[in-house]
K.L.:
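Questions regarding the structure given below will be posed in turn.
Everything quoted here is computed from the prediction, not taken from an experiment. Naming: A, B, ... by sequence-line order, numbering from 1 per chain.
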Amino acid sequence: GQQLNQSPQSMFIQEGEDVSMNCTSSSIFNTWLWYKQDPGEGPVLLIALYKAGELTSNGRLTAQFGITRKDSFLNISASIPSDVGIYFCAGRDAGGTSYGKLTFGQGTILTVHP
Amino acid sequence: GAVVSQHPSRVICKSGTSVKIECRSLDFQATTMFWYRQFPKKSLMLMATSNEGSKATYEQGVEKDKFLINHASLTLSTLTVTSAHPEDSSFYICSARKDRGLEQYFGPGTRLTVT
C-alpha cells in the first residue's frame, strides 16, 4: 500500500525560529493536505495543495506540492508558543479503489520553547 | 466554514456494552464521511469510509460487525462500537468531505474508555 514518510518525527525549537518539515511518498498523490492536531483534539486543516509545483501560504505557514507529486513540505516562520502540536501531512490518490482516502504521515511533534 | 462536531467528546463504558458516537457536519452537506482511530502519539488509522445512503467500506482488519457505521443523512454519520472491550479504548475521530470537495474536515474526536 501507499506509504508516507514524514520527517522529522519531532522538533524542539526556540520561539522565533523557522521550522521546516516534509513528507515523501512511494507513489503519486493528486492532493496534499497539512493538518495540525492539538492534544485531545481533532486535526485542523492548515493548507491544501492541488497542483504539482503549487506554493501556498496561510499566514506564517507556507507549503509546497512537489513537482514529482511524491513530496510536500511545510514551513512555519517565526514560530510562537501556540505553534506547539503535532503536524500531519496527508496525501490523496484520486484513482482506483482508494479514491478519496487520505494517507497520513506519521506526524511531526513540534515543541516551541519561549 | 466547515465545522464537524462529534458527540460525546468522552465516554466511559463497561466491557460488553455498546457505545454510539455521532458525527455531524454542521454547516455543509457531506456525502462522504470517514472514521479514524488514533492511538497515543500515533498517526490516524482509517477504519471505514461512509457514503450517505449506502453501506460503509471498511479497511482491512476492521470488523464491520463490531464497528457499525450508519450514514443516514448528508449531515450525520454514527459509529457504534458493539460489545466493547478494553482494547477498544482509543481516540475515535470522524471527518467529512464536502460534496465533490477535495478538502476533508475533522471532528474534535471522542475519547472512549472501556473498563
K.L.:
Pairing donors with acceptors under 3.5 angstrom, does anything connect the side chains of B:Gln104 and A:Tyr35?
P.N.:
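No, no side-chain donor-acceptor pair sits under 3.5 Å.
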K.L.:
Kindly check if the number of other-residue, nucleotide or ligand heavy atoms within 6.0 Å of CZ (B:Arg10) is above 12?
P.N.:
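No, CZ of B:Arg10 has 12 or fewer neighbouring heavy atoms, counting only those of other groups under 6.0 Å.
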K.L.:
Please check if the number of heavy atoms outside B:Ile12 that lie under 6.0 Å from its CD1 is greater than 12.
P.N.:
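No, because the 6.0 Å sphere around CD1 of B:Ile12 holds 12 heavy atoms or fewer from other groups.
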K.L.:
Picking from A:Pro43, A:Gly107, A:Ala48, which has the most non-hydrogen pairs under 4.5 angstrom with chain B?
P.N.:
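The candidate making the most pairs under 4.5 Å is A:Pro43.
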K.L.:
May I ask you to check whether over 12 heavy atoms, not counting those of B:His7, lie within 6.0 Å of atom NE2?
P.N.:
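Open: at most 12 neighbouring heavy atoms sit under 6.0 Å from NE2 of B:His7.
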K.L.:
What's the separation between atom NZ in A:Lys101 and atom CZ in B:Arg97, rounded to the nearest 0.5 Å?
P.N.:
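Those atoms lie 12.0 Å apart.
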K.L.:
In terms of hydrophobic clustering (I, L, V, M, F, W, Y; side-chain heavy atoms under 4.5 Å; direct or indirect links), are A:Phe65 and A:Leu46 co-clustered?
P.N.:
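They do share one cluster, since a chain of ILVMFWY contacts under 4.5 Å joins A:Phe65 to A:Leu46.
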K.L.:
Cluster question for you: counting only ILVMFWY and a side-chain heavy-atom cut-off of under 4.5 Å, with indirect links fine, are B:Met33 and B:Val81 together?
P.N.:
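Cluster IDs for B:Met33 and B:Val81 differ.
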K.L.:
Select one option (side chain, backbone, both, neither) describing which atoms of A:Glu41 are under 4.5 Å from chain B's heavy atoms.
P.N.:
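The answer is both parts of A:Glu41.
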K.L.:
Does a side-chain heavy-atom distance below 4.5 Å link B:Ile93 with A:Gln37?
P.N.:
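The answer is yes, as the side chains (C-beta and beyond) meet within the 4.5 Å cut-off.
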K.L.:
With the 4.5 Å side-chain cut-off for hydrophobic clustering, are B:Leu76 and B:Val11 part of the same group?
P.N.:
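They do not share one cluster, since no chain of ILVMFWY contacts under 4.5 Å joins B:Leu76 to B:Val11.
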K.L.:
With a 4.5 angstrom heavy-atom cut-off, which part of A:Phe88 approaches chain B: side chain, backbone, both or neither?
P.N.:
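For A:Phe88, side-chain heavy atoms alone lie under 4.5 Å from chain B.
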K.L.:
Would a hydrophobic clustering, with Ile, Leu, Val, Met, Phe, Trp and Tyr connected at side-chain separations under 4.5 Å, put A:Val112 with A:Trp34?
P.N.:
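As far as the 4.5 Å side-chain criterion goes, A:Trp34 and A:Val112 are connected within one cluster.
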K.L.:
Would you give the length of the straight line joining atom CG of A:Leu45 to atom CZ of B:Phe106, rounded to the nearest 0.5 angstrom?
P.N.:
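A:Leu45 CG to B:Phe106 CZ: 9.0 Å, rounded to 0.5 Å.
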K.L.:
Okay, side chain of B:Ser43, backbone of A:Gly105: is any donor-acceptor separation there less than 3.5 Å?
P.N.:
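Yes; at least one donor-acceptor contact below 3.5 Å.
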K.L.:
Measuring heavy-atom distances to chain B, does A:Gln6 have an atom under 4.5 Å in its side chain, in its backbone, in both, or in neither?
P.N.:
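No part of A:Gln6 comes within 4.5 Å of chain B.
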K.L.:
Would you say B:Trp35 ends up clustered with A:Leu102 if hydrophobic residues are merged whenever their side chains have heavy atoms under 4.5 Å apart, either directly or through other cluster members?
P.N.:
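No.
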K.L.:
Are there more than 12 heavy atoms of other residues, nucleotides or ligands under 6.0 Å from atom CD of A:Gln9?
P.N.:
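For A:Gln9, atom CD is not crowded (no more than 12 foreign heavy atoms under 6.0 Å).
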K.L.:
With side chains defined as the heavy atoms from C-beta onward, is the minimum distance between A:Phe104 and B:Lys42 less than 4.5 Å?
P.N.:
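With C-beta onward as the side chain, the pair stays apart.
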K.L.:
So if I take each residue of residues 44-68 of chain B and look for any heavy atom under 4.5 Å from a heavy atom in chain A, which residues do I end up with?
P.N.:
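From residues 44-68 of chain B, the residues near chain A are B:Leu44, B:Leu46, B:Thr49, B:Glu59.
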